[in-house]
Structure formats: structure tokens, C-alpha cells
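As a basis for the values below, the full set of heavy atoms in this structure was taken, side chains included, without hydrogen atoms, waters or symmetry mates. Numbering of residues begins at 1 and proceeds along the displayed sequence.
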Amino acid sequence: MNIGVIIPLIIFLAIIFIIGFWSSKKLESSTGGFLQEYFLGGRELGGFVLAMTMVATYGSASSFLGGPGTAYTMGFGWVLLAMTQVVTGYFVLLILGKKFAILARRYNAITLIDFLKVRYNSTAVVLLAAISMIIFLFSAMTAQWVGGGRLIESLTGMKYTTALFIFAVSVLVYVVIGGFRAVAVTDAVQGGVMVIGTLVLLIAVVIAGGGVPNIIQDLLAENPNLVTPYGNEGNLSAAYVSSFWILVGVGVVGLPQMAVRAMSYKNTRSMHRALVIGTVVTGFIMLNMHLIGIFSRTILPGVEVPDTVIPLVALKVLPAWLAGIVLAAPLAAIMSTVDSLLILVSSSIVKDVYINYLNPNASEKMVKNLSFGVTTLLGSVVFLLALNPPDLLIFLNLFAFGGLEAAFIWPVVLGLYWSYGNKYGAVASMITGIVSYIALHFYNQSNGNLFGVHTVVVPVILSLLAYVVCSLLIKRTKYNF
């Protein structure tokens, strides 16, 4: 166990715990009600915190471990593909932005499902949304838990199970006691760590590889396909790369963990500032991390588990103390995504199912205890699911992304902007999106991608058709915003 690496990580975790305890004090003194404070941070996020919590929530184990690991395997083609994510935060705030925040306040919506409930006035929509969140977000959370466990395992030499347990306890402590405010503020800290860590590690890797020209020559000598847009085996088609933009670009508008942030900011100025900061920071982090992945191939050839490339190369090219600081970046990315997903699923169960349908008159004390208990139980279940991890985290994470987008994108976007959208269209869209996405996912695993595009494309198109057709043909009505 390398103590020089471990000490900076312990200091980083201590800072995160302090923020959690500070947030718990804020939670106790809040005058806006427990639910709004615990699940939405009192709608008080400023521009910088909003931008960084969006970047940190989106930048996850797949961005800091799985993405670079895939770039290590596939080459510059995956770097190009990953850069489609630059516009993520911009699109979320541009499309949802003011209107979503205004309506959320008018409806007193604390969760995305609160908005859907008022907009469509349908129990079926609420339950479908809650079920979709729980199913797909469990996949996403499992990917993050695995990433955190593998990172700590790589750094300490502990058994994977022990490392996973330490990670799970670390996250649960500050999320359970601090709620959304702890998540958002720690995300801001973690986002800053990500920016600095990725820059330092990229510079160190380039120096260790003898400079960029030398690294490129080594890659060409190994496999010329590594420096083309088509992947190490030439299997990244233009159609697939282009369609990937729907998954990690425009389609992110449909991700509940991103949408909820569009209802949590303080004012319009905060949103405009977040648009600029979020776009720049996302592009910077994504480019750096994926370049590190492919450049590491010349420094660490033959890595068996690609998801471990980042911790391994950091330990090789940096002094122990600096590696510890730099490796706080992927740990921060993982923790910042885990905490967001955890609080989101907890809110779906407590607010959207229990309070809406099982016990509308629950006391604040009961709701508080239930929120703490559900969040802890969810973390424990995900810990058990993560005990037998897959080889490449990114594909588990992207499966969850695609499923959520296929389910939510049109009920959210058209629910905001199309007055003729109704509950029949929303239900049809969600069922069509979820069923077709899962079916195509397993079909593509056996037969290759249908039409050569990413799995999410066809379900998104089918769910759009289902929304429009059913809204117009079944009890066509006009909704007054």
C-alpha cells in the first residue's frame, strides 16, 4: 500500500465529509421544507455551482475510467466519438432552461416526476417514470460503484470487495446526511479537482511518452488504425459515430439527473453563466481524459483490464503524492455521479411513489426518516449488485443512459413545448421507448447494430412517433401552460 498516494485521497474525503456535515446543518435550519431542501437544495444554486454539478454529475466512471479505457483499446476513433459530449450541458440548459424552471416553481415540483405528474395528470405516467428511473439508474449506479471500487483497489492493493465497501460507506455518509445541497457543493469541489487532475496527468503522460509526435509514431508502428477515426479494428463507422451524438449530446436532455438540475438554480443569470462554464469545462475534461487513455498505450502496453489504465499510468508517471492528488479526480467524478443518482432514485421512491400514492399525509419527521432509510438501503443494494463487475464500465453506463433517454426525452421536451401533448402520448412514448430499447440492445449484442447506428437512435424515433400519434388520435386536447 502506497501511503504517499493514500494520504491526499484521505484529505480529499475528509473535505467531502465536512461539506456533508455543513449541508446537514443547513438542512436542519431550512425554512423551505425538508423535501425541497433535501432533494433540490432549496433552488439556490448559483451559476458556478450549477455548471460544476452538471459537469460532475455527467462526468462519471465512464468518463474518467471507462472512456479512457476504451480509448486505450480503440484509439483516436473513440476520442473523436467522446468529444460529441461537449455540448451536453449547453443543450440541457438551452432546451429546458427558463421554461422548465418557471413551470417547476409554479407546480411546486421537487422532482422531474412531479413535473410529469402535473403536466399529464396521469398515475400511469408517474409509475412508468418511477419504474424507469429505478431500473436504469440502478445500472448507472452499479457502474459507478464498480468504478470506485476498482480505483481504490488499484491504489491500495486491497481486495475488490473491501475497496468497494470503503467507497460505498464514504458516499453514503455525506449523501444521507446532507441531501442535494451536499451533492451540489461537493460536485463543485470535485469538478475543480477533475479539471486540475486531468491537466496534470495529460502533461505527465506526454512527457513520459517522449512528446506527442513520438507517441503518434509508436501508435502507428503498433497499429495504424489506432490513429484513424475508425477504431483499432476499423469498426467505428461514420453512421455510428454520428448517431452517438444523440446518446451523449442532444439526448442528455432526457436524463432525469440532468433535468432536475435545470429546476434547481437561483436565477436567469446563474443559468447563463452555467451555460458557458459547463460547456468549456466539459470539453476540457473529456478531451484530456480520452487523450490520456490512448497515449497511455505506448507507456503501459498490454493492460488486461482497460478500466484500470488511469490509476496505473498515474502511479507510473507521477510521484506518489502527486498521483494521489491527481487520482482524486476520477474518484471525484465517480462520487459526484453516484451521489446524484442516489438522491434521484431516493426522491422517486419517497416523493413520487410513497407520498403521492401511499401516504399523502405523512409527517415531516416520517418523511425525513424514510428518506434517510431509503437512501441507505439503495446504496446497500447497489453495493451487492457491484460485487460481480463487468470488464468495461462504459457500456453498462451507456446502457442506462440510452434507456433513460428513450423513456423520458419526449414526455419532457414535448411536454414543455407542445400544447397538444397528453397523457396518452406520454404513456405510449415511454412504453415504446423502453421496450424497443431493451429489445434492440439484446438484438444488437447478437447481430451487430441495426442500420449501423447506436442502439438509442431507433427507440428515440419510435417513441417520438408514438407520442405524436397517440396525442393526436386519442382524446386530442390542448394544454394551457
Side-chain angles (χ1 to χ4, degrees), residues 32-33 35-47 50-51 53-54 57 89-130 132-133 180 184 250-275 278 340 343-344 347-348 351-353 355-356 360 404-405 407-427 429-430 463-464 467-468 471 476-481:
L35 284 173
Q36 180 158 284
E37 177 63 32
Y38 191 75
F39 291 124
L40 211 54
R43 303 185 202 271
E44 295 178 350
L45 301 192
L50 174 62
T53 189
M54 293 187 74
T57 297
Y90 183 85
F91 269 107
V92 171
L93 291 177
L94 185 69
I95 294 174
L96 299 183
K98 293 181 184 178
K99 189 165 187 178
F100 191 60
I102 290 169
L103 290 178
R105 284 165 169 78
R106 183 186 303 169
Y107 301 158
N108 197 29
I110 293 173
T111 67
L112 174 62
I113 297 178
D114 273 345
F115 165 78
L116 296 176
K117 180 186 177 187
V118 177
R119 173 62 179 85
Y120 294 108
N121 191 26
S122 168
T123 301
V125 170
V126 171
L127 294 180
L128 272 172
S132 300
M133 278 194 191
F180 186 90
V250 179
V252 175
V253 173
L255 291 178
Q257 65 267 37
M258 299 297 283
V260 74
R261 275 151 178 75
M263 64 167 72
S264 63
Y265 59 86
K266 186 185 302 183
N267 50 38
T268 302
R269 183 183 178 189
S270 299
M271 187 199 78
H272 290 162
R273 185 176 295 172
L275 274 171
S340 301
I343 206 74
L344 187 62
S347 68
S348 296
K351 176 69 173 67
D352 301 320
V353 177
I355 294 178
N356 281 346
L404 290 167
E405 291 172 9
F408 285 101
I409 186 168
W410 302 123
V412 172
V413 175
L414 294 182
L416 276 176
Y417 292 102
W418 191 43
S419 58
Y420 286 101
N422 60 32
K423 63 182 179 181
Y424 304 103
V427 170
S429 176
M430 295 174 80
S463 62
L464 172 61
Y467 188 98
V468 173
S471 290
R476 176 175 172 172
T477 54
K478 188 172 182 179
Y479 181 80
N480 295 316
F481 291 100

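- Between Val468 and Trp410, the closest side-chain pair of non-hydrogen atoms is not below 4.5 Å.
- Between the Ser429 side chain and the Gly425 main chain, no donor and acceptor come within less than 3.5 Å of each other.
- A side-chain donor-acceptor contact under 3.5 Å links Tyr120 to the backbone of Pro411.
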(message) Show, in sequence, the C-alpha distance, side-chain angles and deciding distance for Tyr467 and Met430, and conclude whether the side-chain contact (heavy atoms from CB on, under 4.5 Å) test is met.
(response) CA-CA 8 Å; Tyr467 188 98; Met430 295 174 80; over 6 Å; no
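- Using modelled atom types, one side-chain atom of Lys99 and one backbone atom of Leu416 make a donor-acceptor pair closer than 3.5 Å.
- Note: Tyr424 OH to Arg476 CZ = 15.5 Å, rounded to the nearest 0.5 Å.
- If you take OG1 on Thr123 and NZ on Lys423, they are separated by 8.5 Å, rounding to the nearest 0.5 Å.
- Summarising the geometry, atom CG belonging to Asn121 is positioned 11.5 Å from atom CG belonging to Asn422; distances are rounded to the nearest 0.5 Å.
- We find the CG-OG distance between Leu275 and Ser270 to be 11.0 Å, quoted to the nearest 0.5 Å.
- At least one test fails for Arg119 against the ring of Tyr107: distance under 6.0 Å to the centre or angle within 45° of the axis.
- Note that the CG atom of Leu404 and the CG atom of Leu112 stand 10.0 Å from one another [nearest 0.5 Å].
- Side-chain rings of Tyr420 and Tyr479 stay apart, their centers remaining 6.0 Å or farther from each other.
- Panel note: side chain Tyr417, backbone Ile95; a donor-acceptor pair is recorded below 3.5 Å.
- Interatomic distance, Ser471 OG to Leu414 CG, rounded to the nearest 0.5 Å: 8.0 Å.
- Contact annotation: the side chain of Leu116 never approaches that of Val126 to less than 4.5 Å [non-hydrogen atoms, C-beta and beyond].
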